[in-house]
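Read the structure below first, then the notes.
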Amino acid sequence: MNKGELIDAISERLGDRRSATEAVNAVLETIQSTVANGDKVAITGFGVFEKSQRAARAGRNPATGAAIQVPASSVPKFRPGTGFKALVNAGNRTGETKADRMRADGTKAGETKAGETKADKKKADKKASGKKASGKKASGKKASGKKASGKKARQ
């Protein structure tokens, strides 16, 4: 998504493209000027924008291989918030609430039932099915080792 597409998405929610453009530009300019001044911008649930310092270092010119001195610099840095990370990790299911992401066993994504172990879960599954698992293993038959002939079929 580029800036124009972001403005279009916001204008659908606000109803007016002009106000959406002004809002996006105001937010971006404010973040940029604040970070450039050395302050950080923390948006809860989204992330933190901040200024980071890079020390001077020795580098190499990739074309000639000659050693060069890279001066110290300041760069912008973004650290995503936990809410943003969770959304990206969940596969970006927009429009869903946390309740929509509840698993079938009643726990939320990433949670386990208190005190439950894998052995307890197996016992519960066995009781629910009413049958014991059979002790038989899958048959050990292998596929036949015949290879296709290298000759072309004639018609």
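On a predicted model such as this, the values are computed, not experimentally measured, just so you know.
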For this session: Give a yes or no answer on whether the side chain of Ser19 reaches the backbone of Asp16 with a donor-acceptor pair at less than 3.5 Å.
Result: yes

Problem set entry | Residue that, paired with Arg54, satisfies side chain to side chain contact (heavy atoms under 4.5 Å, CB included) out of Pro71, Ser74, Ser73 | Ser73

For this session: Would you check if the side chain of Arg60 reaches a backbone N or O of Gly65 as a donor-acceptor pair within less than 3.5 Å?
Result: yes

Exercise. Quick one: CG on Asn61 to CD1 on Ile68, what's the gap to the nearest 0.5 Å?
Worked result: 5.5 Å

For this session: Establish whether Val27 and Ile10 are linked, either directly or via other cluster members, by ILVMFWY side-chain heavy-atom contacts under 4.5 Å.
Result: no

Seminar exercise, completed: dist Lys3:NZ -> Asn25:CG (nearest 0.5 Å) comes out at 4.0 Å

Exercise. In Å, rounded to the nearest 0.5 Å, how long is the span from NZ of Lys51 to CG of Asp39?
Worked result: 9.5 Å

For this session: Answer yes or no: is there a donor N or O on one side and an acceptor on the other, between the side chain of Glu12 and the main chain of Ala9, under 3.5 Å?
Result: no

For this session: Report whether Met1 and Ile7 are members of the same hydrophobic cluster (ILVMFWY, side-chain heavy atoms less than 4.5 Å apart, transitive linking).
Result: yes

Problem set entry | Side chains of Arg57 and Gln69 in contact at under 4.5 Å (non-hydrogen atoms) | no

For this session: Using the test ring-ring contact (aromatic ring centres under 6.0 Å, His included), find all partners of Phe46 that sit at least two apart in sequence or belong to another chain.
Result: Phe78, Phe84

For this session: Can you measure from CG (Asp8) to OG1 (Thr21) and round to the nearest 0.5 angstrom?
Result: 8.0 Å

Problem set entry | Approximate separation, where rounding is to 0.5 Å, of Leu14 CG and Glu22 CD | 11.0 Å

Exercise. How many angstroms lie between atom CZ of Phe49 and atom CD1 of Ile43, to the nearest 0.5 angstrom?
Worked result: 5.5 Å

